[in-house]
Student: 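Structure provided below as structure tokens; questions to follow.
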Amino acid sequence: MLPTLHIEGPVAFLTLRRPQAANKLVPEDLPELVRLVETVNRSPEVLVLVLRSEGKYFCSGYDISEVASSSQTEGRSFGDMVDALENCRAVTIAAVHGGVFGGATDLVLACDFRVGVRGAETFMPAARLGLHYYQSGMERYVSRLGLDTAKRLFLTAEKLDGPAMRDCGFLTQLVDDAQALDAEVLRLRTTLAGMAPLALLGMKKHLNQIARGSADAASIQREVQRTVASEDLAEGGRAWREKRLPVFKGR
């Protein structure tokens, strides 16, 4: 089945739904995933997007049989789809259980937070399969994990378990099991959804650009001044003084 999107107030859930095939991605998934991310981008109430999947595996990556014959689907390559997720307006959380293989590793690295269980595992088999990876994916590896770790994973196809994924930065948080995963994702998305939208979403965008070396100083300054003049900054100050939770309105 194609991926689905469900929105609950400030949180959206994007779910991979092909558990019988280890949530392998096929060509028709690519434009659908882009469409769902664009739906989130057009939904101003959504501040957080959770990427999750059904079944035993998180995602086994892109169908290797399709790489040579169908690298593009309706103008959307795999890399374009992952770029769309990285550039999603909302803050993104990957809820990782089971295996994360091949292109799915890039899908996870595109997310701002990556919470996984000890039983998770990952590897990047591109060199073993004879495939040179695309530029934006390699850039994500280097910006998230550093050059040495990117070389280690791309060039040796080494498999990592959950603790090793956390130690190298692939996971931002590690939990013991599925129950703890649900609890930690709930805690994290609740925390994020309670932040001031202008500051939260602006800093998410610009931190990613800084990591890629593409930040625009004038754009950052405009966002800074926008928050300085915002109602939310005034509300944040009042709430701090009154020792209560702020009620932000995104303006």
Side-chain angles (χ1 to χ4, degrees), residues 1-43 45-67 69-117 119-125 137 162 165 170-171 175 177-186 188-189:
M1 296 180 65
L2 289 174
T4 59
L5 182 70
H6 175 66
I7 295 177
E8 295 181 6
V11 182
F13 299 89
L14 198 168
T15 306
L16 305 181
R17 302 186 62 201
R18 198 169 285 118
Q20 73 281 3
N23 290 307
K24 174 178 63 179
L25 297 173
V26 299
E28 55 264 34
D29 291 325
L30 306 187
E32 182 64 9
L33 284 165
V34 171
R35 187 186 72 80
L36 296 178
V37 170
E38 290 174 345
T39 298
V40 171
N41 292 340
R42 293 192 302 269
S43 304
E45 75 278 11
V46 176
L47 301 180
V48 182
L49 172 63
V50 177
L51 176 64
R52 61 188 183 181
S53 59
E54 297 179 347
K56 180 179 178 181
Y57 297 94
F58 180 80
C59 180
S60 58
Y62 192 60
D63 187 344
I64 191 64
S65 67
E66 298 286 349
V67 171
S69 62
S70 179
S71 62
Q72 294 265 120
T73 299
E74 298 182 14
R76 300 290 191 181
S77 72
F78 189 89
D80 292 335
M81 178 273 292
V82 183
D83 290 347
L85 179 63
E86 179 180 340
N87 294 322
C88 180
R89 182 186 59 83
V91 179
T92 50
I93 304 171
V96 179
H97 68 279
V100 184
F101 307 134
T105 63
D106 194 28
L107 196 66
V108 170
L109 286 174
C111 293
D112 302 304
F113 295 89
R114 304 174 293 277
V115 186
V117 299
E121 59 180 8
T122 189
F123 76 99
M124 167 48 73
M165 291 163 72
F170 188 94
L171 295 177
V175 297
D177 52 30
Q179 183 176 1
L181 178 65
D182 290 342
E184 177 59 18
V185 170
L186 173 61
L188 181 57
R189 64 180 173 87

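Reckoned from all heavy atoms, side chains included, excluding hydrogens, waters and symmetry mates.
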Student: Is any side-chain heavy atom of L16 closer than 4.5 Å to a side-chain heavy atom of L25?
Tutor: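 In short, these two side chains touch, coming nearer than 4.5 Å.
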Student: Heavy atoms only: give me the nearest C111-R114 pair and the separation to one decimal.
Tutor: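 What the structure gives for the nearest pair is O-NH1, 3.0 Å.
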Student: With a 3.5 Å distance limit and no angle check, can you tell me whether R18 reaches the backbone of K24 through a side-chain donor-acceptor pair?
Tutor: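 Such a contact is found between R18 side chain and K24 backbone.
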Student: Going by an N to O cut-off under 4.0 Å, is there a salt bridge joining R35 and E32?
Tutor: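 Judged by the 4.0 Å cut-off on N to carboxylate O distance, R35 and E32 do form a salt bridge.
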Student: For T122 and F170, which heavy atoms make the closest approach, and how far apart are they?
Tutor: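 Closest approach of T122 to F170: OG1-CZ, 4.1 Å.
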Student: Assign the ring pair H6 / F13 to parallel, tilted or perpendicular, where the plane angle (0 to 90°) is split at 30° and 60°.
Tutor: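 Taking F13 first and then H6, their aromatic rings lie parallel (interplane angle under 30°).
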Student: Considering non-hydrogen atoms only, spot the tightest contact between C59 and A104 and give its length.
Tutor: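 Smallest interatomic distance, heavy atoms only, reads O-CB, 3.4 Å.
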Student: Looking at M124, is its backbone amide N or carbonyl O close enough to the side chain of T105 to form a donor-acceptor pair, meaning the two atoms are under 3.5 Å apart?
Tutor: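 Side chain of T105 to backbone of M124: no pair is present.
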Student: Are there over 12 heavy-atom neighbours, none belonging to Y57, within less than 6.0 Å of that residue's OH?
Tutor: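 Incorrect, the count does not exceed 12.
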Student: Check L51, L36, T15 against P3 for a side-chain contact (heavy atoms from CB on, under 4.5 Å) and give me the one that passes.
Tutor: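 Of L51, L36, T15, side-chain contact (heavy atoms from CB on, under 4.5 Å) with P3 is met by L36 alone.
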Student: Check whether any side-chain heavy atom of E45 sits under 4.5 Å from a side-chain heavy atom of I7, and report yes or no.
Tutor: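 A side-chain contact exists here, since the closest heavy-atom pair is under 4.5 Å.
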Student: Between S60 (side chain only) and F101 (backbone N and O only), is there a donor and an acceptor less than 3.5 Å apart?
Tutor: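 Answer holds: no.
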Student: So how far is it from R17 CZ to T4 OG1, rounded to the nearest 0.5 Å?
Tutor: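 These two atoms lie 5.0 Å from each other.
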Student: Side chain to side chain contact (heavy atoms under 4.5 Å, CB included) between V115 and I93: does it pass, once the steps are laid out?
Tutor: CA-CA 7 Å; V115 186; I93 304 171; 4.2 Å; yes
Student: When you compare the side chain of L5 with that of V40, does any pair of heavy atoms fall below 4.5 Å?
Tutor: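 The answer is yes, as the side chains (C-beta and beyond) meet within the 4.5 Å cut-off.
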Student: Examine distances only and state if a side-chain atom of D29 and a backbone atom of V26 form a donor-acceptor pair shorter than 3.5 Å.
Tutor: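 Yes, the answer is positive, given that a donor and an acceptor are paired below the 3.5 Å cut-off.
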Student: Nearest heavy-atom pair of V46 and R89: which atoms, and what distance?
Tutor: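 Heavy atoms of V46 and R89 come nearest at O-NH2, 2.7 Å.
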Student: Please find the pair of heavy atoms, one from G162 and one from L171, that lie closest to each other, and give the distance.
Tutor: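 That closest heavy-atom pairing would be O-CD1, 3.9 Å.
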Student: Are side-chain heavy atoms of L14 and T92 found at a separation under 4.5 Å?
Tutor: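 Side-chain contact under 4.5 Å: no.
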Student: Answer whether the closest heavy-atom distance between the side chains of F58 and N23 falls below 4.5 Å.
Tutor: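 The answer is no; the side chains never approach within 4.5 Å.
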Student: Is there a side-chain contact between N87 and V37 in this structure, where contact means two heavy atoms from C-beta onward sitting under 4.5 Å apart?
Tutor: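 No. Closest side-chain heavy atoms not under 4.5 Å.
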Student: Tell me if a side-chain donor or acceptor on N41 pairs with a main-chain N or O of C88 at a distance below 3.5 Å.
Tutor: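 Not a single qualifying donor-acceptor pair exists.
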Student: Is atom CD of Q20 surrounded by more than 12 heavy atoms (other residues, nucleotides or ligands) closer than 6.0 Å?
Tutor: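 Yes, the 6.0 Å shell around CD holds more than 12 heavy atoms from other groups.
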Student: Is the backbone of G55 close enough, under 3.5 Å, to the side chain of H97 for a donor and an acceptor to pair up by distance?
Tutor: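 Present.
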Student: Tell me the closest heavy-atom pair linking L107 and L85, and the distance in Å.
Tutor: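 What the structure gives for the nearest pair is O-CD2, 3.5 Å.
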